[in-house]
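Scroll down for the structure; my scribbles are underneath it.
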2 protein chains.
Amino acid sequence: MDISKQGSSDRLLLAAINLVSERGYNGVTTQEIAETAGLSEKTLFRHFGSKQKLLEAAFDRYHYAEEMRKIFAEKLVWELEEDLFTISRTYHEIMGRNRKLIQISIKDEGQMPGFKERMQQHPLQLLEFLTNYFNVMSEKGKLRLTDPKMQAFTFMMSQYGAFVNDLETGKNYPDIALKPFVEESVRLFARALTP
Amino acid sequence: MDISKQGSSDRLLLAAINLVSERGYNGVTTQEIAETAGLSEKTLFRHFGSKQKLLEAAFDRYHYAEEMRKIFAEKLVWELEEDLFTISRTYHEIMGRNRKLIQISIKDEGQMPGFKERMQQHPLQLLEFLTNYFNVMSEKGKLRLTDPKMQAFTFMMSQYGAFVNDLETGKNYPDIALKPFVEESVRLFARALTP
DNA sequence: CGTGTCTGTCAGTGGTTACTGACATTATAA
DNA sequence: TTATAATGTCAGTAACCACTGACAGACACG
(Lines give C-alpha, C1' and ligand atoms only; values in the text may rest on other atoms or scores of the structure.)
Protein backbone atom coordinates (compact mmCIF):
# COMPACT_ATOMS: atom_id res chain seq x y z
CA MET A 1 0.00 0.00 0.00
CA ASP A 2 1.54 3.26 -1.06
CA ILE A 3 0.62 6.29 0.90
CA SER A 4 1.12 9.02 -1.62
CA LYS A 5 -1.64 9.25 -4.16
CA GLN A 6 -5.09 8.40 -2.83
CA GLY A 7 -7.53 10.80 -1.25
CA SER A 8 -6.93 11.82 2.32
CA SER A 9 -9.93 9.93 3.61
CA ASP A 10 -8.73 6.69 2.11
CA ARG A 11 -5.27 7.09 3.51
CA LEU A 12 -6.72 7.66 6.96
CA LEU A 13 -9.03 4.66 6.69
CA LEU A 14 -6.26 2.34 5.57
CA ALA A 15 -3.89 3.56 8.25
CA ALA A 16 -6.59 3.02 10.86
CA ILE A 17 -7.30 -0.51 9.68
CA ASN A 18 -3.65 -1.46 9.64
CA LEU A 19 -2.81 -0.08 13.04
CA VAL A 20 -5.96 -1.09 14.88
CA SER A 21 -5.90 -4.61 13.49
CA GLU A 22 -2.47 -5.03 15.02
CA ARG A 23 -2.70 -3.22 18.33
CA GLY A 24 -6.41 -2.89 19.05
CA TYR A 25 -8.61 0.18 19.24
CA ASN A 26 -7.28 1.42 22.55
CA GLY A 27 -3.73 0.61 21.60
CA VAL A 28 -3.58 3.19 18.82
CA THR A 29 -3.82 6.98 19.05
CA THR A 30 -5.43 9.33 16.55
CA GLN A 31 -2.06 11.03 16.34
CA GLU A 32 -0.45 7.80 15.16
CA ILE A 33 -3.14 7.12 12.61
CA ALA A 34 -2.82 10.59 11.11
CA GLU A 35 0.94 10.36 11.07
CA THR A 36 0.88 6.97 9.35
CA ALA A 37 -1.47 8.41 6.75
CA GLY A 38 0.93 11.27 6.22
CA LEU A 39 -1.58 13.83 7.44
CA SER A 40 -2.20 15.95 10.49
CA GLU A 41 -4.38 14.89 13.36
CA LYS A 42 -6.59 17.89 12.68
CA THR A 43 -7.40 16.57 9.22
CA LEU A 44 -8.46 13.26 10.71
CA PHE A 45 -11.03 14.98 12.89
CA ARG A 46 -12.19 17.24 10.12
CA HIS A 47 -12.95 14.21 7.98
CA PHE A 48 -14.46 11.88 10.53
CA GLY A 49 -15.40 13.86 13.62
CA SER A 50 -14.23 11.22 16.07
CA LYS A 51 -12.03 8.17 16.40
CA GLN A 52 -15.07 5.95 16.74
CA LYS A 53 -16.63 7.23 13.53
CA LEU A 54 -13.36 6.79 11.70
CA LEU A 55 -13.34 3.11 12.52
CA GLU A 56 -16.96 2.71 11.59
CA ALA A 57 -16.29 4.33 8.25
CA ALA A 58 -13.32 2.04 7.72
CA PHE A 59 -15.52 -0.93 8.37
CA ASP A 60 -18.26 0.24 6.03
CA ARG A 61 -15.89 0.93 3.22
CA TYR A 62 -13.57 -2.01 3.36
CA HIS A 63 -15.59 -5.05 3.91
CA TYR A 64 -16.44 -7.40 1.18
CA ALA A 65 -19.85 -8.76 0.60
CA GLU A 66 -21.49 -11.98 -0.21
CA GLU A 67 -19.57 -13.63 -2.95
CA MET A 68 -20.39 -17.02 -1.56
CA ARG A 69 -23.88 -16.85 -3.00
CA LYS A 70 -22.42 -16.65 -6.49
CA ILE A 71 -20.33 -19.73 -5.93
CA PHE A 72 -23.36 -21.77 -5.08
CA ALA A 73 -25.31 -20.40 -7.99
CA GLU A 74 -22.68 -20.62 -10.67
CA LYS A 75 -19.53 -22.52 -10.07
CA LEU A 76 -20.61 -25.83 -8.61
CA VAL A 77 -20.45 -28.92 -10.78
CA TRP A 78 -22.04 -31.46 -8.40
CA GLU A 79 -18.92 -33.48 -7.94
CA LEU A 80 -18.16 -33.58 -4.22
CA GLU A 81 -14.41 -33.24 -4.12
CA GLU A 82 -14.25 -30.62 -6.83
CA ASP A 83 -16.99 -28.55 -5.26
CA LEU A 84 -15.51 -28.73 -1.76
CA PHE A 85 -12.29 -27.54 -3.28
CA THR A 86 -13.97 -24.57 -4.95
CA ILE A 87 -15.78 -23.71 -1.76
CA SER A 88 -12.69 -23.94 0.38
CA ARG A 89 -10.62 -21.79 -1.98
CA THR A 90 -13.32 -19.15 -2.21
CA TYR A 91 -13.78 -19.16 1.52
CA HIS A 92 -10.12 -18.48 2.21
CA GLU A 93 -10.03 -15.86 -0.49
CA ILE A 94 -12.86 -13.91 1.08
CA MET A 95 -11.63 -14.34 4.63
CA GLY A 96 -8.13 -13.38 3.53
CA ARG A 97 -9.29 -10.14 1.99
CA ASN A 98 -11.23 -9.31 5.14
CA ARG A 99 -8.59 -10.45 7.54
CA LYS A 100 -7.69 -7.14 9.09
CA LEU A 101 -11.30 -6.26 9.74
CA ILE A 102 -11.82 -9.71 11.19
CA GLN A 103 -8.88 -9.16 13.49
CA ILE A 104 -10.37 -5.87 14.62
CA SER A 105 -13.72 -7.45 15.31
CA ILE A 106 -12.05 -10.20 17.33
CA LYS A 107 -9.96 -7.83 19.38
CA ASP A 108 -12.49 -5.09 19.96
CA GLU A 109 -15.91 -6.65 19.91
CA GLY A 110 -16.87 -4.57 22.91
CA GLN A 111 -15.48 -1.35 21.55
CA MET A 112 -17.09 -1.65 18.14
CA PRO A 113 -20.65 -2.82 18.55
CA GLY A 114 -22.14 -4.46 15.49
CA PHE A 115 -18.84 -5.28 13.85
CA LYS A 116 -18.82 -8.88 14.89
CA GLU A 117 -22.38 -9.55 13.85
CA ARG A 118 -21.80 -8.19 10.38
CA MET A 119 -18.59 -10.14 10.06
CA GLN A 120 -20.28 -13.38 11.03
CA GLN A 121 -22.91 -13.06 8.34
CA HIS A 122 -20.72 -14.54 5.64
CA PRO A 123 -19.88 -17.72 7.54
CA LEU A 124 -23.47 -18.15 8.63
CA GLN A 125 -24.66 -17.80 5.07
CA LEU A 126 -22.08 -20.27 3.93
CA LEU A 127 -23.21 -22.76 6.53
CA GLU A 128 -26.76 -22.56 5.26
CA PHE A 129 -25.76 -22.92 1.64
CA LEU A 130 -23.45 -25.79 2.37
CA THR A 131 -26.15 -27.61 4.31
CA ASN A 132 -28.51 -27.27 1.37
CA TYR A 133 -25.82 -28.42 -0.98
CA PHE A 134 -25.29 -31.53 1.10
CA ASN A 135 -28.98 -32.27 1.08
CA VAL A 136 -29.20 -32.01 -2.68
CA MET A 137 -26.10 -34.10 -3.15
CA SER A 138 -27.60 -36.72 -0.91
CA GLU A 139 -30.71 -36.84 -3.05
CA LYS A 140 -28.52 -37.34 -6.06
CA GLY A 141 -27.01 -40.31 -4.27
CA LYS A 142 -23.63 -38.64 -4.26
CA LEU A 143 -23.28 -38.01 -0.54
CA ARG A 144 -23.65 -40.01 2.63
CA LEU A 145 -25.92 -38.01 4.86
CA THR A 146 -26.06 -38.27 8.65
CA ASP A 147 -26.60 -34.83 10.18
CA PRO A 148 -26.22 -32.41 7.26
CA LYS A 149 -25.95 -29.23 9.29
CA MET A 150 -23.36 -30.72 11.58
CA GLN A 151 -21.44 -32.17 8.67
CA ALA A 152 -21.38 -28.76 7.02
CA PHE A 153 -20.43 -27.16 10.32
CA THR A 154 -17.52 -29.53 10.77
CA PHE A 155 -16.20 -28.72 7.34
CA MET A 156 -16.54 -25.00 7.99
CA MET A 157 -14.90 -25.22 11.38
CA SER A 158 -11.88 -26.97 9.95
CA GLN A 159 -11.53 -24.17 7.41
CA TYR A 160 -12.18 -21.48 10.00
CA GLY A 161 -9.72 -23.02 12.43
CA ALA A 162 -7.00 -23.05 9.82
CA PHE A 163 -7.79 -19.47 8.91
CA VAL A 164 -7.64 -18.19 12.48
CA ASN A 165 -4.54 -20.21 13.20
CA ASP A 166 -2.93 -18.55 10.24
CA LEU A 167 -4.12 -15.11 11.31
CA GLU A 168 -2.65 -15.48 14.73
CA THR A 169 0.70 -16.82 13.73
CA GLY A 170 0.95 -13.55 11.85
CA LYS A 171 1.68 -14.48 8.31
CA ASN A 172 0.79 -11.87 5.78
CA TYR A 173 0.13 -14.26 2.93
CA PRO A 174 -2.17 -16.93 4.28
CA ASP A 175 -1.93 -18.91 1.05
CA ILE A 176 1.54 -20.18 1.76
CA ALA A 177 0.72 -22.62 4.53
CA LEU A 178 -2.95 -22.76 3.73
CA LYS A 179 -2.68 -24.37 0.32
CA PRO A 180 -1.59 -27.86 1.32
CA PHE A 181 -4.12 -27.77 4.11
CA VAL A 182 -6.93 -26.92 1.74
CA GLU A 183 -5.97 -29.79 -0.51
CA GLU A 184 -5.62 -32.39 2.21
CA SER A 185 -8.72 -31.32 4.11
CA VAL A 186 -10.85 -31.41 0.97
CA ARG A 187 -9.63 -34.91 0.12
CA LEU A 188 -10.32 -36.00 3.66
CA PHE A 189 -13.85 -34.65 3.77
CA ALA A 190 -14.62 -35.96 0.30
CA ARG A 191 -13.66 -39.43 1.45
CA ALA A 192 -15.67 -39.16 4.65
CA LEU A 193 -18.79 -37.97 2.88
CA THR A 194 -18.74 -40.12 -0.23
CA PRO A 195 -21.27 -42.96 0.09
CA MET B 1 -16.22 -17.49 41.62
CA ASP B 2 -16.90 -16.00 45.00
CA ILE B 3 -14.94 -12.98 45.96
CA SER B 4 -14.98 -13.21 49.71
CA LYS B 5 -12.62 -15.80 51.05
CA GLN B 6 -9.42 -16.20 49.06
CA GLY B 7 -6.22 -14.28 49.57
CA SER B 8 -6.02 -10.78 48.22
CA SER B 9 -3.57 -11.69 45.51
CA ASP B 10 -5.83 -14.39 44.15
CA ARG B 11 -8.81 -12.11 44.08
CA LEU B 12 -6.84 -9.54 42.15
CA LEU B 13 -5.53 -12.09 39.68
CA LEU B 14 -8.97 -13.52 39.01
CA ALA B 15 -10.54 -10.11 38.64
CA ALA B 16 -7.81 -9.14 36.18
CA ILE B 17 -8.31 -12.28 34.11
CA ASN B 18 -12.05 -11.84 33.97
CA LEU B 19 -12.01 -8.20 33.01
CA VAL B 20 -9.07 -8.24 30.62
CA SER B 21 -10.33 -11.32 28.78
CA GLU B 22 -13.51 -9.43 28.02
CA ARG B 23 -12.35 -5.92 27.32
CA GLY B 24 -8.64 -6.20 26.57
CA TYR B 25 -5.64 -4.91 28.45
CA ASN B 26 -6.12 -1.27 27.53
CA GLY B 27 -9.85 -1.48 28.06
CA VAL B 28 -9.60 -2.10 31.79
CA THR B 29 -8.23 0.17 34.52
CA THR B 30 -6.35 -0.84 37.63
CA GLN B 31 -9.10 0.93 39.56
CA GLU B 32 -11.71 -1.40 38.06
CA ILE B 33 -9.67 -4.50 38.75
CA ALA B 34 -9.16 -3.55 42.39
CA GLU B 35 -12.81 -2.68 42.80
CA THR B 36 -13.93 -5.97 41.26
CA ALA B 37 -11.62 -7.80 43.63
CA GLY B 38 -13.16 -5.89 46.54
CA LEU B 39 -9.86 -4.20 47.36
CA SER B 40 -8.30 -0.78 46.97
CA GLU B 41 -6.13 0.21 44.05
CA LYS B 42 -3.29 0.79 46.44
CA THR B 43 -3.34 -2.86 47.47
CA LEU B 44 -3.09 -3.90 43.86
CA PHE B 45 0.12 -1.94 43.43
CA ARG B 46 1.51 -3.09 46.72
CA HIS B 47 1.08 -6.70 45.61
CA PHE B 48 2.19 -6.51 42.03
CA GLY B 49 4.03 -3.25 41.46
CA SER B 50 2.47 -2.55 38.09
CA LYS B 51 -0.44 -3.44 35.87
CA GLN B 52 1.85 -5.29 33.49
CA LYS B 53 3.29 -7.45 36.26
CA LEU B 54 -0.18 -8.22 37.54
CA LEU B 55 -1.16 -9.70 34.20
CA GLU B 56 2.06 -11.63 33.94
CA ALA B 57 1.45 -13.10 37.37
CA ALA B 58 -2.09 -14.00 36.37
CA PHE B 59 -0.75 -15.82 33.38
CA ASP B 60 1.88 -17.70 35.33
CA ARG B 61 -0.53 -18.81 37.96
CA TYR B 62 -3.55 -19.81 35.95
CA HIS B 63 -2.46 -21.74 33.01
CA TYR B 64 -2.68 -25.43 32.76
CA ALA B 65 0.10 -27.59 31.54
CA GLU B 66 0.56 -30.62 29.43
CA GLU B 67 -2.19 -33.02 30.21
CA MET B 68 -2.22 -34.13 26.63
CA ARG B 69 0.92 -36.15 27.17
CA LYS B 70 -0.88 -38.27 29.75
CA ILE B 71 -3.71 -38.99 27.36
CA PHE B 72 -1.33 -40.38 24.82
CA ALA B 73 0.52 -42.40 27.40
CA GLU B 74 -2.42 -43.82 29.30
CA LYS B 75 -5.86 -43.53 27.90
CA LEU B 76 -5.61 -44.60 24.29
CA VAL B 77 -6.96 -48.01 23.30
CA TRP B 78 -5.87 -48.09 19.67
CA GLU B 79 -9.35 -48.00 18.24
CA LEU B 80 -9.56 -44.99 15.94
CA GLU B 81 -13.01 -43.64 16.67
CA GLU B 82 -12.79 -44.16 20.39
CA ASP B 83 -9.36 -42.56 20.61
CA LEU B 84 -10.32 -39.57 18.50
CA PHE B 85 -13.25 -39.10 20.81
CA THR B 86 -11.03 -39.18 23.89
CA ILE B 87 -8.61 -36.76 22.28
CA SER B 88 -11.32 -34.34 21.22
CA ARG B 89 -12.98 -34.35 24.61
CA THR B 90 -9.68 -33.79 26.41
CA TYR B 91 -8.73 -31.06 24.00
CA HIS B 92 -11.91 -29.10 24.62
CA GLU B 93 -11.60 -29.64 28.33
CA ILE B 94 -8.13 -28.14 28.42
CA MET B 95 -8.95 -25.31 26.05
CA GLY B 96 -12.11 -24.59 27.97
CA ARG B 97 -10.27 -24.27 31.24
CA ASN B 98 -7.78 -21.93 29.62
CA ARG B 99 -10.29 -19.99 27.63
CA LYS B 100 -9.95 -16.64 29.34
CA LEU B 101 -6.20 -16.65 29.08
CA ILE B 102 -6.51 -17.67 25.46
CA GLN B 103 -8.81 -14.75 24.87
CA ILE B 104 -6.30 -12.43 26.46
CA SER B 105 -3.48 -13.75 24.36
CA ILE B 106 -5.58 -13.31 21.22
CA LYS B 107 -6.62 -9.78 22.04
CA ASP B 108 -3.38 -8.47 23.42
CA GLU B 109 -0.59 -10.37 21.77
CA GLY B 110 1.31 -7.12 21.30
CA GLN B 111 0.75 -5.93 24.82
CA MET B 112 1.76 -9.16 26.51
CA PRO B 113 4.85 -10.53 24.81
CA GLY B 114 5.38 -14.23 25.25
CA PHE B 115 1.79 -15.03 26.14
CA LYS B 116 0.87 -16.31 22.73
CA GLU B 117 3.90 -18.50 22.36
CA ARG B 118 3.29 -20.22 25.65
CA MET B 119 -0.36 -20.69 24.82
CA GLN B 120 0.44 -22.29 21.52
CA GLN B 121 2.63 -24.92 23.08
CA HIS B 122 -0.24 -27.21 23.96
CA PRO B 123 -1.68 -27.35 20.46
CA LEU B 124 1.76 -27.83 18.95
CA GLN B 125 2.47 -30.70 21.29
CA LEU B 126 -0.85 -32.24 20.49
CA LEU B 127 -0.13 -32.01 16.79
CA GLU B 128 3.09 -33.90 17.26
CA PHE B 129 1.53 -36.59 19.40
CA LEU B 130 -1.39 -37.00 17.05
CA THR B 131 0.93 -37.34 14.08
CA ASN B 132 2.84 -40.08 15.83
CA TYR B 133 -0.39 -41.76 16.82
CA PHE B 134 -1.49 -41.79 13.19
CA ASN B 135 1.80 -43.29 12.12
CA VAL B 136 1.54 -46.09 14.65
CA MET B 137 -2.08 -46.75 13.77
CA SER B 138 -1.08 -46.97 10.14
CA GLU B 139 1.54 -49.58 10.96
CA LYS B 140 -1.12 -51.55 12.77
CA GLY B 141 -3.17 -51.44 9.58
CA LYS B 142 -5.88 -49.48 11.32
CA LEU B 143 -5.50 -46.18 9.52
CA ARG B 144 -5.27 -45.02 5.95
CA LEU B 145 -2.22 -42.81 5.78
CA THR B 146 -1.62 -40.10 3.20
CA ASP B 147 0.10 -37.11 4.79
CA PRO B 148 0.02 -37.85 8.53
CA LYS B 149 0.98 -34.39 9.73
CA MET B 150 -1.58 -32.74 7.50
CA GLN B 151 -4.23 -35.24 8.50
CA ALA B 152 -3.53 -34.53 12.14
CA PHE B 153 -3.50 -30.82 11.44
CA THR B 154 -6.88 -31.00 9.74
CA PHE B 155 -8.39 -32.77 12.71
CA MET B 156 -6.90 -30.25 15.08
CA MET B 157 -8.03 -27.29 13.03
CA SER B 158 -11.60 -28.52 13.02
CA GLN B 159 -11.48 -28.76 16.80
CA TYR B 160 -9.71 -25.44 17.15
CA GLY B 161 -12.14 -23.74 14.79
CA ALA B 162 -15.10 -24.97 16.79
CA PHE B 163 -13.45 -23.84 20.00
CA VAL B 164 -12.71 -20.33 18.75
CA ASN B 165 -16.13 -20.04 17.20
CA ASP B 166 -17.58 -20.90 20.54
CA LEU B 167 -15.32 -18.46 22.35
CA GLU B 168 -16.35 -15.61 20.15
CA THR B 169 -20.04 -16.18 20.18
CA GLY B 170 -19.62 -15.65 23.89
CA LYS B 171 -21.12 -18.69 25.48
CA ASN B 172 -19.91 -19.37 28.94
CA TYR B 173 -20.40 -23.10 28.79
CA PRO B 174 -18.79 -24.25 25.60
CA ASP B 175 -20.02 -27.80 26.14
CA ILE B 176 -23.56 -27.02 25.15
CA ALA B 177 -23.03 -26.56 21.46
CA LEU B 178 -19.71 -28.32 21.40
CA LYS B 179 -20.92 -31.76 22.36
CA PRO B 180 -22.80 -32.68 19.21
CA PHE B 181 -20.01 -31.21 17.17
CA VAL B 182 -17.43 -33.36 18.91
CA GLU B 183 -19.49 -36.47 18.25
CA GLU B 184 -20.20 -35.76 14.60
CA SER B 185 -16.68 -34.59 13.79
CA VAL B 186 -15.13 -37.65 15.39
CA ARG B 187 -17.43 -39.96 13.41
CA LEU B 188 -16.58 -38.07 10.27
CA PHE B 189 -12.82 -38.24 10.73
CA ALA B 190 -12.97 -41.86 11.78
CA ARG B 191 -14.73 -42.69 8.54
CA ALA B 192 -12.28 -40.67 6.46
CA LEU B 193 -9.23 -42.23 8.04
CA THR B 194 -10.34 -45.84 8.33
CA PRO B 195 -8.75 -47.96 5.60
C1' DC C 1 -7.11 38.50 -9.71
C1' DG C 2 -10.52 36.68 -6.02
C1' DT C 3 -13.05 32.92 -3.93
C1' DG C 4 -13.60 28.55 -1.91
C1' DT C 5 -11.79 24.22 -0.36
C1' DC C 6 -8.39 21.45 1.84
C1' DT C 7 -4.70 21.24 4.80
C1' DG C 8 -1.21 22.42 8.44
C1' DT C 9 0.41 24.67 12.81
C1' DC C 10 0.03 25.80 17.41
C1' DA C 11 -1.53 26.13 21.65
C1' DG C 12 -4.70 24.53 24.38
C1' DT C 13 -8.71 21.98 27.34
C1' DG C 14 -10.67 18.58 29.96
C1' DG C 15 -10.65 14.04 31.09
C1' DT C 16 -8.42 9.71 32.19
C1' DT C 17 -4.96 6.71 34.04
C1' DA C 18 -0.92 4.32 36.05
C1' DC C 19 1.37 4.97 39.97
C1' DT C 20 3.10 7.25 44.60
C1' DG C 21 3.73 8.98 49.55
C1' DA C 22 2.04 10.01 54.07
C1' DC C 23 -0.75 8.61 57.43
C1' DA C 24 -4.61 6.14 59.62
C1' DT C 25 -7.11 1.80 60.47
C1' DT C 26 -7.84 -2.95 61.28
C1' DA C 27 -6.72 -7.60 62.20
C1' DT C 28 -3.58 -11.18 63.83
C1' DA C 29 -0.84 -13.47 66.78
C1' DA C 30 2.63 -13.71 70.56
C1' DT D 1 -1.67 -5.81 75.47
C1' DT D 2 1.55 -4.94 72.08
C1' DA D 3 4.09 -5.50 67.97
C1' DT D 4 3.60 -6.63 63.13
C1' DA D 5 1.66 -6.99 58.86
C1' DA D 6 -2.02 -6.07 55.62
C1' DT D 7 -5.15 -2.79 54.02
C1' DG D 8 -7.57 1.67 53.36
C1' DT D 9 -7.91 6.84 52.58
C1' DC D 10 -6.66 10.83 50.43
C1' DA D 11 -4.45 13.89 47.83
C1' DG D 12 -1.61 14.35 44.20
C1' DT D 13 1.74 13.80 39.99
C1' DA D 14 3.04 13.24 35.42
C1' DA D 15 1.85 11.55 31.32
C1' DC D 16 -1.25 10.67 27.77
C1' DC D 17 -5.10 11.36 24.75
C1' DA D 18 -9.40 12.63 22.17
C1' DC D 19 -10.76 16.68 20.53
C1' DT D 20 -11.09 22.06 19.59
C1' DG D 21 -10.52 27.01 17.93
C1' DA D 22 -7.94 30.50 15.61
C1' DC D 23 -5.15 31.49 12.05
C1' DA D 24 -2.41 30.84 7.90
C1' DG D 25 -0.70 28.84 3.62
C1' DA D 26 -1.53 26.04 -0.68
C1' DC D 27 -4.04 25.05 -4.64
C1' DA D 28 -7.90 24.92 -8.09
C1' DC D 29 -11.24 27.36 -10.81
C1' DG D 30 -13.78 31.25 -12.48
Side-chain angles (χ1 to χ4, degrees), chain A residues 1-61 104 107-113 115, chain B residues 1-61 104 107-113 115:
Chain A
M1 306 284 172
D2 197 10
I3 244 174
S4 45
K5 279 291 173 191
Q6 311 122 312
S8 297
S9 288
D10 284 303
R11 276 150 61 193
L12 287 165
L13 293 170
L14 284 178
I17 290 174
N18 284 324
L19 291 172
V20 174
S21 71
E22 278 165 21
R23 309 219 295 275
Y25 183 85
N26 289 317
V28 174
T29 69
T30 51
Q31 162 67 29
E32 275 178 302
I33 295 172
E35 200 171 306
T36 304
L39 294 166
S40 74
E41 204 184 355
K42 186 78 208 182
T43 302
L44 185 159
F45 283 101
R46 273 200 273 248
H47 275 263
F48 297 101
S50 76
K51 188 184 181 185
Q52 191 75 224
K53 283 182 196 159
L54 166 65
L55 261 288
E56 280 159 18
F59 186 80
D60 287 343
R61 170 86 67 107
I104 292 176
K107 289 188 182 177
D108 292 293
E109 13 162 7
Q111 199 64 239
M112 325 293 307
F115 268 46
Chain B
M1 305 284 174
D2 197 9
I3 242 173
S4 46
K5 278 290 175 191
Q6 309 122 312
S8 298
S9 288
D10 284 302
R11 277 151 59 196
L12 288 164
L13 293 171
L14 284 179
I17 290 174
N18 285 325
L19 292 172
V20 174
S21 71
E22 277 165 22
R23 309 218 295 276
Y25 183 84
N26 290 314
V28 174
T29 69
T30 50
Q31 162 67 30
E32 277 178 301
I33 295 171
E35 201 171 306
T36 304
L39 295 166
S40 74
E41 206 184 353
K42 186 79 211 183
T43 303
L44 185 159
F45 283 101
R46 274 199 273 247
H47 276 262
F48 298 101
S50 76
K51 189 183 179 185
Q52 192 74 225
K53 284 182 195 159
L54 166 65
L55 260 289
E56 279 160 19
F59 187 80
D60 287 343
R61 170 88 66 108
I104 293 176
K107 288 187 182 177
D108 293 293
E109 13 162 5
Q111 200 64 239
M112 325 293 305
F115 268 46

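The analysis underlying the following values was restricted to heavy atoms, covering all of them including side chains, and did not include hydrogens, waters or symmetry mates.
If you find the closest nucleotide of DNA chain D to A:N26 and to B:E41, the one lying nearer the 5' end belongs to B:E41.
Of the side-chain N and O atoms in B:T43, one or more sit less than 4.0 angstrom from OP1 or OP2 of D:dG8. Remark: A:K51 is in phosphate contact with D:dA18, judged by side-chain N or O atoms under 4.0 Å from OP1 or OP2. A close approach under 4.0 Å does not occur between any side-chain nitrogen or oxygen of A:H47 and OP1 or OP2 of C:dC6. Listed pair A:S8 / C:dT7 meets the phosphate criterion, a side-chain N or O lying under 4.0 Å from OP1 or OP2. Taking only side-chain nitrogens and oxygens, B:T30 comes nearer than 4.0 Å to OP1 or OP2 of C:dA18.
What separates CZ of A:F45 from P of C:dG8 is a distance of 14 Å, to the nearest Å. The distance between atom CG of A:L44 and atom P of D:dC19, rounded to the nearest whole Å, is 9 Å. Following rounding to the nearest Å, B:L19 (CG) and C:dT17 (P) show an atom-to-atom distance of 13 Å. Taking atom CD of A:E35 as the reference point, atom P of C:dT9 lies 11 Å away to the nearest angstrom. What separates CD of A:E32 from P of D:dC16 is a distance of 12 Å, to the nearest Å. Rounded to an integer number of Å, the gap from B:R23 CZ to C:dT17 P is 10 Å. If you measure from atom CG of B:L12 to atom P of D:dA6, you get 14 Å, rounded to the nearest angstrom. Spacing between atom CD of A:Q31 and atom P of C:dA11 amounts to 15 Å, rounded to whole angstrom units.
Each of D:dG21, C:dC19, C:dT20 was ranked by its minimum atom distance to the side chain of A:K42; first place goes to D:dG21. Closest approach to the A:R46 side chain among C:dT20, D:dT7, C:dG8 is made by C:dG8 (side chain taken as heavy atoms from C-beta onward).
Taking both residues in full, the closest heavy atoms of A:K51 and A:Y25 are given as NZ-O, 2.9 Å, listed atom of the first, atom of the second, then distance.
Contact annotation: the side chain of A:E41 never approaches that of A:E35 to less than 4.5 Å [non-hydrogen atoms, C-beta and beyond]. The closest side-chain heavy-atom distance from B:T30 to B:F45 is below 4.5 Å.
No donor-acceptor pair under 3.5 Å is formed between the side chain of B:K53 and the backbone N or O of B:H47.
Of the listed residues (A:T36, A:L55, A:L19), just one forms a side chain to side chain contact (heavy atoms under 4.5 Å, CB included) with A:V28, and that residue is A:L19.
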